[in-house]
**Q** 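Just passing along the structure, written as structure tokens.
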Amino acid sequence: MARVAATDYESVPEVAVDVTPQRGTVVLKFGGTSVAGPERLRSVAKRLVAAHEDGNRVVAVLSAMGATTDELVALAHQVSAHPDPRELDMLISVGERISCALAAMAINDLGHRAVSLTGSQAGIVTDTKHGKAKIVDVRAKRIHESLDRDEIVLVAGFQGVSTSQDVTTLGRGGSDTTAVALAAALGAERCEIYTDVEGVFTADPRLVPGARKLHAVSYEEMLELAASGAKVLQLRCVEFARNHDVPLHVRSTFADSDGTWILEEDQRMLEKAMIAGVTHDVDEAVYEVASAEPATLFDALSAAGVNVDTVIQIGEGIVFSAPREDREAAESALSELGASWNEREGLGKVSIVGAGMKSHPGVAAKAFGTLAGIGVDSQFVSTSPIKIAFYVPRDDVERTVQALHKAFELAEQSAERDHG
Ligand code: ASP
Ligand code: MG
């Protein structure tokens with residue numbers, strides 16, 4: 001079936017099969033706070049120029065300035081109660097383009113050559129799911145050509161062009177994924193994620209003042225941390241990094257210190273501290289389904305685009321959790337199935353994550369003992385080889401995080417994993 005676009009779309013270069021990874025390529029990603037305002041854009045430009053002067057082939061991925069994406073989403077809802085998904089993507093992809101164009105101007109003023117590209121121009125091809133598109137291909141020919149001309153390449157994050165030539169976005173926080181996908185496709189040495197925090201912490205420092213910055217975590221740990229509430233990186237970006245073995249360095253834009261490295265697991269991670277951190281999540285909805293055929297249930301949820309997290313089967317019944325933002329989709333899928341279900345309100349999830357759990361017995365005993373010691377009743381527990389997650393009353397989340405952090409001595413210097 002031929003599809004004709006009503007307007008010209010930005011065409012995607014052909015797949016360049018003979019592109020070989022180039023040493024010395026780095027991908028630097030800057031989040032919304034890092035580019036919020038002309039002054040900050042100029043400092044980003046300086047950092048990129050410095051990386052270029054160090055002899056690197058520099059690709060930068062930028063987020064939209066400050067709250068731009070939120071503002072654009074709000075604007076759409078002021079105009080329309082249910083914004084058309086395709087048009088919403090056209091609208092919200094603009095923020096990243098603004099940052100890139102401005103940064104390119106600033107770089108040119110510093111006497112280096114820069115070129116800004118939309119996701120589409122950069123060859124980021126996605127599936128057709130507006131608002132949460134997945135990258136299916138990166139056709140990096142044009143980027144390579146620019147790098148060969150010694151240009152600094154700025155790529156608009158969070159967006160691509162679909163296989164049916166529409167502009168798509170990758171889901172909130174998606175610029176991280178753009179950066180890692182590009183790093184993988186370009187064979188980059190590393191992907192640096194510049195953000196407004198100093199790295200990945202043993203717990204949210206707002207809840208645990210003694211929380212420490214982790215020097216290194218494994219991909220697996222970071223996946224579990226991101227999935228269980230650590231907000232610092234988008235989950236998909238970590239999956240991508242692991243699958244393509246891209247070293248990630250999460251660090252602060254506003255400091256020169258090292259941040260947290262996310263790497264292949266190594267012995268030092270297992271020996272030094274068996275627990276990497278304690279996370280929490282209060283943005284999940286928990287559903288209890290009285291009786292349903294699991295295959296049919298999860299089929300329906302998946303078709304509705306619900307991102308199911310935890311699943312617990314108890315006899316006939318099934319308990320599952322999903323992000324609160326998927327609630328509408330989850331509820332309509334459940335109703336359509338005619339399942340008898342209810343939402344378990346007022347729960348939050350507290351998880352401990354650590355690769356060392358695989359080889360050190362007694363972690364579960366200590367964790368359950370800690371909860372018992374502070375009189376917190378967990379309603380559901382789910383585990384993976386490197387995670388134990390407790391669903392506890394939301395009002396108990398904070399003290400549960402604090403107690404676990406203390407019990408596993410995560411504030412101690414001895415828990416430091418030094419990979420320097
Ligand atoms: N600007 C987008 C957002 O706010 C994407 C990103 O920043 O990663 O979600
Ligand atoms: Mg982000």
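Counting starts at 1 for both ligands and their atoms, following the listed order.
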**Q** Which of the numbered atoms in ligand 1 are below 4.0 angstrom from a heavy atom of Ser63?
**A** 6 (C), 7 (O), 8 (O)

**Q** Strictly under 4.0 Å, does any heavy atom of Gly157 approach an atom of ligand 1?
**A** no

**Q** Output yes when the distance from some N or O of ligand 1 to some N or O of Gly173 is under 3.5 Å, and no in every other case.
**A** yes

**Q** Salt-bridged, Asp176 to Arg236, with N to O below 4.0 Å?
**A** no

**Q** Hey, what's the ring geometry for Phe320 with Tyr287, parallel, tilted or perpendicular (30° and 60° as the breaks)?
**A** parallel

**Q** Judged on heavy-atom distance to atom 3 (C) of ligand 1, which of Lys29, Arg172, Met65 sits nearest?
**A** Arg172

**Q** Counting only heavy atoms not in Glu53, do more than 12 fall under 6.0 Å of its CD?
**A** yes

**Q** In terms of atom number and element, which parts of ligand 1 are under 4.0 angstrom from non-hydrogen atoms of Ser175?
**A** 5 (C), 6 (C), 7 (O), 8 (O)

**Q** Before signing off on this row, confirm whether Glu96 and ligand 1 have an N or O atom pair separated by under 3.5 Å.
**A** yes

**Q** What residues, two or more places apart in sequence or in another chain, satisfy side chain to side chain donor-acceptor pair (under 3.5 Å) together with Asp196?
**A** Thr33

**Q** Counting distance only, does the side-chain N/O of Ser99 pair as donor-acceptor with the main-chain N or O of Leu62 below 3.5 Å?
**A** no

